[in-house]
Asker: 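Could you have a look at this structure, given as structure tokens, before my questions?
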2 protein chains.
Amino acid sequence: MRLGQARPLALTKGIPSPRRNLALTKPIPDPRHTLTLRDVSEASGVSEMTVSRVLRNRGDVSAPTREKVLEAARALGYVPNKIAGALASQRVNLVGVVIPSLSNMVFPEVMTGISAVLDGTGLQPVVGVTNYQPDREESVIYEMLSWRPSGMIIAGLEHTDAARAMLARAGIPIVEIMDIDGDPINHAVGISHRRAGRQMAEAILAAGYRRIAFLGTQMPNDHRAKKRLAGFEEALAKAGQSLVDREYYSGGSALLKGREMTAAVLARSPDVDFLYYSNDMIGAGGLLHCLAAGLDVPGKIGLAGFNGVELLDGLPRKLASMDACRLEIGRRAAQLIADAPAEAQVTELFPTLQAGDTIRG
Amino acid sequence: MRLGQARPLALTKGIPSPRRNLALTKPIPDPRHTLTLRDVSEASGVSEMTVSRVLRNRGDVSAPTREKVLEAARALGYVPNKIAGALASQRVNLVGVVIPSLSNMVFPEVMTGISAVLDGTGLQPVVGVTNYQPDREESVIYEMLSWRPSGMIIAGLEHTDAARAMLARAGIPIVEIMDIDGDPINHAVGISHRRAGRQMAEAILAAGYRRIAFLGTQMPNDHRAKKRLAGFEEALAKAGQSLVDREYYSGGSALLKGREMTAAVLARSPDVDFLYYSNDMIGAGGLLHCLAAGLDVPGKIGLAGFNGVELLDGLPRKLASMDACRLEIGRRAAQLIADAPAEAQVTELFPTLQAGDTIRG
DNA sequence: ATGAAAGCGCTAACAA
DNA sequence: TTGTTAGCGCTTTCAT
């Protein structure tokens with residue numbers, strides 16, 4: 001006789017299911033029920049506690065017991081419930097990674113660096129994308145923190161006040177990456193974009209270019225591009241120079257936009273002798289335009305971008321650029337999460353300027 | 001602003017902390033303690049249950065009570081604990097997305113489609129990357145399932161037996177994407193790569209090319225590229241033709257590799273009149289090589305790739321390609337997770353062939 | 001080496 | 001409209 005017969009199935013839709021296990025009610029074995037430790041325990045005849053120990057390689061368990069458990073777990077196809085485990089142990093092996101975009105070429109490489117280091121630690125990265133929108137970033141951060149990750153890695157130093165506050169009081173290591181020109185919440189790993197802009201300007205001036213134009217994508221929230229431009233103009237000013245033209249575009253294929261922007265600038269300011277781009281993709285488009293137009297690169301006109309995008313190796317000329325240390329940034333950030341040093345650390349990396357074939361030298 | 005010490009995993013390391021709240025022991029108010037519903041409850045003078053209702057916009061709560069609660073939560077900076085919530089409610093708003101690579105250009109676009117649809121549903125994508133390694137895929141799937149997501153989206157139809165078994169018995173909607181040439185676990189959304197290869201071959205033959213070479217990246221686990229090639233050769237065979245040469249490469253910048261491979265093939269088989277590439281990036285490299293070498297494209301030699309990569313718009317010529325319907329695949333897959341239809345569905349999409357400027361016509 | 005009991009922070013179900 | 005109670009599935013602690 002089964003008292004259980006009268007009890008509604010847990011999975012039966014529409015019938016209110018009591019949550020408690022009534023003492024006299026054997027749970028009806030549902031073939032589609034998600035397996036629990038208890039199932040493995042019953043199948044192997046070992047207590048739940050010992051099963052748990054085996055599955056986590058914790059504590060001392062005799063070899064035969066271990067075998068029984070592992071076989072039962074395998075046979076059943078048991079997948080542990082990390083939600084319950086995390087709640088009980090107060091420990092979550094997740095690291096939140098918040099980045100503005102995946103199509104940017106830059107961030108996949110940062111991810112590679114992060115994964116490379118985390119792989120050895122049992123920590124797992126979880127990616128969130130903000131599309132360069134501060135309010136979206138705030139909600140991504142909120143969602144992530146609500147899973148109580150072991151650490152957070154976030155691109156940039158600019159966030160909403162609420163986001164900063166949440167991160168600051170989360171009680172976990174926070175690493176802001178890519179940029180160090182600002183005030184970090186906790187740790188920071190990156191380069192000085194201001195300095196990078198300055199260095200590029202100095203190199204361009206040193207090569208003798210004087211009529212310099214800037215071409216950038218219109219990204220109100222790309223603070224790093226802004227800082228590079230600020231540093232660039234600062235260095236020009238110091239040399240008594242200033243930009244002779246500037247052009248902004250948004251949307252679409254970067255390569256194509258680069259061509260169009262470049263054509264527009266050259267039409268408007270035929271006497272420019274250098275084109276400084278906010279990133280390599282539009283720079284590459286500009287380079288293709290200049291070559292197609294038969295301009296003398298880098299003799300009469302020079303070009304430079306930013307990022308050192310390897311993807312573009314293979315173009316007719318190698319665009320001058322600066323490596324943003326993406327891989328290393330990812331590695332160091334992950335290492336900080338893994339080590340969780342007590343003291344906040346700011347790690348500045350130093351990009352190298354690659355003159356390529358588009359700055360005369 | 002800076003954080004102090006990262007919170008130790010167990011709040012008080014070294015001091016054996018009793019887990020139970022002994023009736024007479026007031027918990028010591030730790031300023032760095034992670035906030036709970038109880039804290040908000042105490043701060044607002046409202047029961048935990050009602051606080052919970054307010055924070056989830058559930059059930060009827062009077063306006064004044066709601067206000068009190070929201071203000072207390074905001075003032076404290078409370079971030080809910082989704083781990084506990086998920087365990088109690090048996091519901092997790094996460095969707096696992098398992099893809100081979102982020103640098104492939106293809107997958108970010110799939111992600112865009114997925115996000116666009118999920119954004120309206122309260123579900124959140126969580127990305128896992130496998131680097132085209134089956135065992136890595138298996139472990140990524142295992143990790144994800146252990147968080148009990150509401151659904152899984154996985155690139156490809158080929159998985160380890162263990163991975164298939166886990167997915168099949170997870171009791172959640174599973175969508176295998178990109179490819180429909182095979183046996184889906186549950187739902188599938190994608191194109192027939194076999195057919196895509198066939199179509200491209202037919203178009204090439206129709207344009208009169210006869211001495212055709214294949215150039216691909218060496219990726220033992222890129223099953224979709226393999227299927228395209230199989231379909232391609234099948235169509236050649238049907239027309240009494242076969243590949244006159246083939247070349248494989250691995251690693252490095254795709255653009256550069258494309259150039260090198262192309263140079264190698266042309267040196268070895270100077271009489272080829274068509275180069276069929278396994279993807280657009282190496283195809284673009286090949287195109288740049290051909291143009292630099294002064295070859296007559298598409299008159300004497302034609303080229304084609306695969307994917308319809310928009311990024312490459314802006315090259316001197318538009319490479320012939322086929323759109324892989326990435327955005328739409330992402331959208332449909334997400335919709336299937338959101339709708340969770342009882343019946344397994346296979347959705348075939350049909351890529352369009354873009355002849356571009358590199359097939360004569 | 002193994003087991004029993006309590007409870008992690010929240011929410012479903014029920015009661016008031 | 002609000003509160004009370006009993007778990008969700010696991011791990012910590014402590015006992016054996």
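Residue numbers start from 1 in every chain, and the chains themselves are labelled A, B, ... in the order their sequence lines are given, proteins ahead of strands.
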Asker: Given D:dC10, C:dG9, C:dT2, which nucleotide is nearest the side-chain atoms of A:Leu87?
Answerer: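 Looking only at heavy atoms from C-beta outward on A:Leu87, the closest nucleotide is C:dG9.
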
Asker: So B:Ile154 and B:Leu167, do their side chains get closer than 4.5 Å, heavy atoms only?
Answerer: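 SC-SC contact between B:Leu167 and B:Ile154 confirmed.
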
Asker: Considering only C:dG3, C:dA1, C:dT11, which nucleotide approaches the side chain of A:Met49 most closely?
Answerer: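 Nearest to the side-chain atoms of A:Met49, counting from C-beta on, is C:dG3.
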
Asker: Applying side-chain hydrogen bond (donor to acceptor under 3.5 Å, both in side chains), name anything that partners A:Lys82, two or more places apart in sequence or on another chain.
Answerer: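 Partners of A:Lys82 under the side-chain hydrogen bond (donor to acceptor under 3.5 Å, both in side chains) test: B:Glu143.
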
Asker: If you check every side-chain atom of A:Ser62, which of C:dA1, C:dG3, C:dT11 has the closest atom?
Answerer: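 So the side chain of A:Ser62 is nearest to C:dA1.
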
Asker: What residues, two or more places apart in sequence or in another chain, satisfy side-chain hydrogen bond (donor to acceptor under 3.5 Å, both in side chains) together with A:Thr36?
Answerer: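 A:Thr36 satisfies side-chain hydrogen bond (donor to acceptor under 3.5 Å, both in side chains) with A:Asp39 once adjacent residues are dropped.
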
Asker: For B:Gln90 and C:dA12, give me the distance from atom CD to atom P, rounded to whole Å.
Answerer: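 For the pair B:Gln90 CD and C:dA12 P, the rounded distance is 10 Å.
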
Asker: Could you please name the option among D:dG9, C:dA13, D:dC8 that lies closest to any side-chain atom of B:Arg53?
Answerer: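 So the side chain of B:Arg53 is nearest to C:dA13.
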
Asker: Hey, which of A:Leu123, A:Ile172, A:Ile337 is the one that makes side-chain contact (heavy atoms from CB on, under 4.5 Å) with A:Pro149?
Answerer: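 Going through A:Leu123, A:Ile172, A:Ile337 one by one, the side-chain contact (heavy atoms from CB on, under 4.5 Å) with A:Pro149 is satisfied by A:Ile172 alone.
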
Asker: Output the distance between atom NE2 (A:His187) and atom CD (A:Glu343), rounded to the nearest 0.5 Å.
Answerer: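 One finds 9.5 Å between NE2 of A:His187 and CD of A:Glu343.
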
Asker: Has A:Ser47 got a side-chain N or O lying under 4.0 Å from the OP1 or OP2 atom of C:dG3?
Answerer: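 Affirmative; the distance criterion is met.
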
Asker: Considering only side-chain heavy atoms of A:Ala84, which listed nucleotide, D:dG9, D:dT12, C:dC10, is closest?
Answerer: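 For the A:Ala84 side chain, the nearest candidate turns out to be D:dG9.
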
Asker: For B:Ser52 and C:dC10, is the shortest distance between a side-chain N/O and OP1 or OP2 below 4.0 Å?
Answerer: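 The answer is no; no side-chain N or O of B:Ser52 sits under 4.0 Å from OP1 or OP2.
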
Asker: Less than 4.5 Å apart, side chain to side chain, heavy atoms only: is that true for B:His159 and B:Ile185?
Answerer: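 Counting from C-beta outward, B:His159 and B:Ile185 do come under 4.5 Å.
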
Asker: I need the CG-P distance between B:Leu76 and C:dG9, as an integer number of Å.
Answerer: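 These atoms are roughly 16 Å apart.
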
Asker: CD of B:Glu42 versus C1' of C:dG9: gap in Å, rounded?
Answerer: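 Going from CD in B:Glu42 over to C1' in C:dG9 covers 14 Å.
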
Asker: Rounded to whole Å, how long is the line connecting atom CG of B:Leu37 with atom P of D:dT4?
Answerer: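 Rounded to whole Å, this separation is 15 Å.
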
Asker: To the nearest angstrom, how far is B:Asp39 atom CG from C:dG9 atom P?
Answerer: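 After rounding, the gap between these two atoms is 9 Å.
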
Asker: Can you tell me the distance, in whole Å, between the CD1 atom of B:Ile83 and the P atom of D:dC10?
Answerer: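 Rounded to whole Å, this separation is 14 Å.
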
Asker: Between A:Ser44 and A:Val40 (side chain of the first, backbone of the second, donor and acceptor by atom type, cut-off under 3.5 Å), is there such a pair?
Answerer: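 A pair under 3.5 Å: yes.
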
Asker: Taking the side chain as every heavy atom from C-beta outward, state whether B:Arg53 and B:Thr65 have any pair of such atoms under 4.5 Å apart.
Answerer: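 Sidechains of B:Thr65 and B:Arg53: no contact.
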
Asker: Without decimals, in angstroms, what is the distance between A:Arg38 CZ and D:dG9 C1'?
Answerer: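 So the two atoms are 11 Å apart, to the nearest Å.
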
Asker: Among C:dC10, C:dA12, C:dC8, which nucleotide has an atom closest to any side-chain atom of B:Tyr78?
Answerer: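 Output: C:dC10.
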
Asker: B:Thr50 side chain N/O closer than 4.0 Å to the phosphate oxygens (OP1, OP2) of D:dG3?
Answerer: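 Checking D:dG3 against B:Thr50, a side-chain N or O does come within under 4.0 Å of OP1 or OP2.
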
Asker: Expressed as a whole number of angstroms, how long is the span from A:Arg58:CZ to D:dT13:C1'?
Answerer: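 Answer to the nearest Å: 14 Å.
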
Asker: Base, sugar-phosphate, or nothing: which does A:Asn81 touch, judged by heavy atoms less than 4.0 Å apart?
Answerer: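 Since only primed, P, OP1 and OP2 atoms lie under 4.0 Å of A:Asn81, the category is sugar-phosphate.
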
Asker: Going by number, which of residues 64-75 of chain B have a non-hydrogen atom under 4.0 Å from DNA chain D?
Answerer: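 The answer is B:Thr65.
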
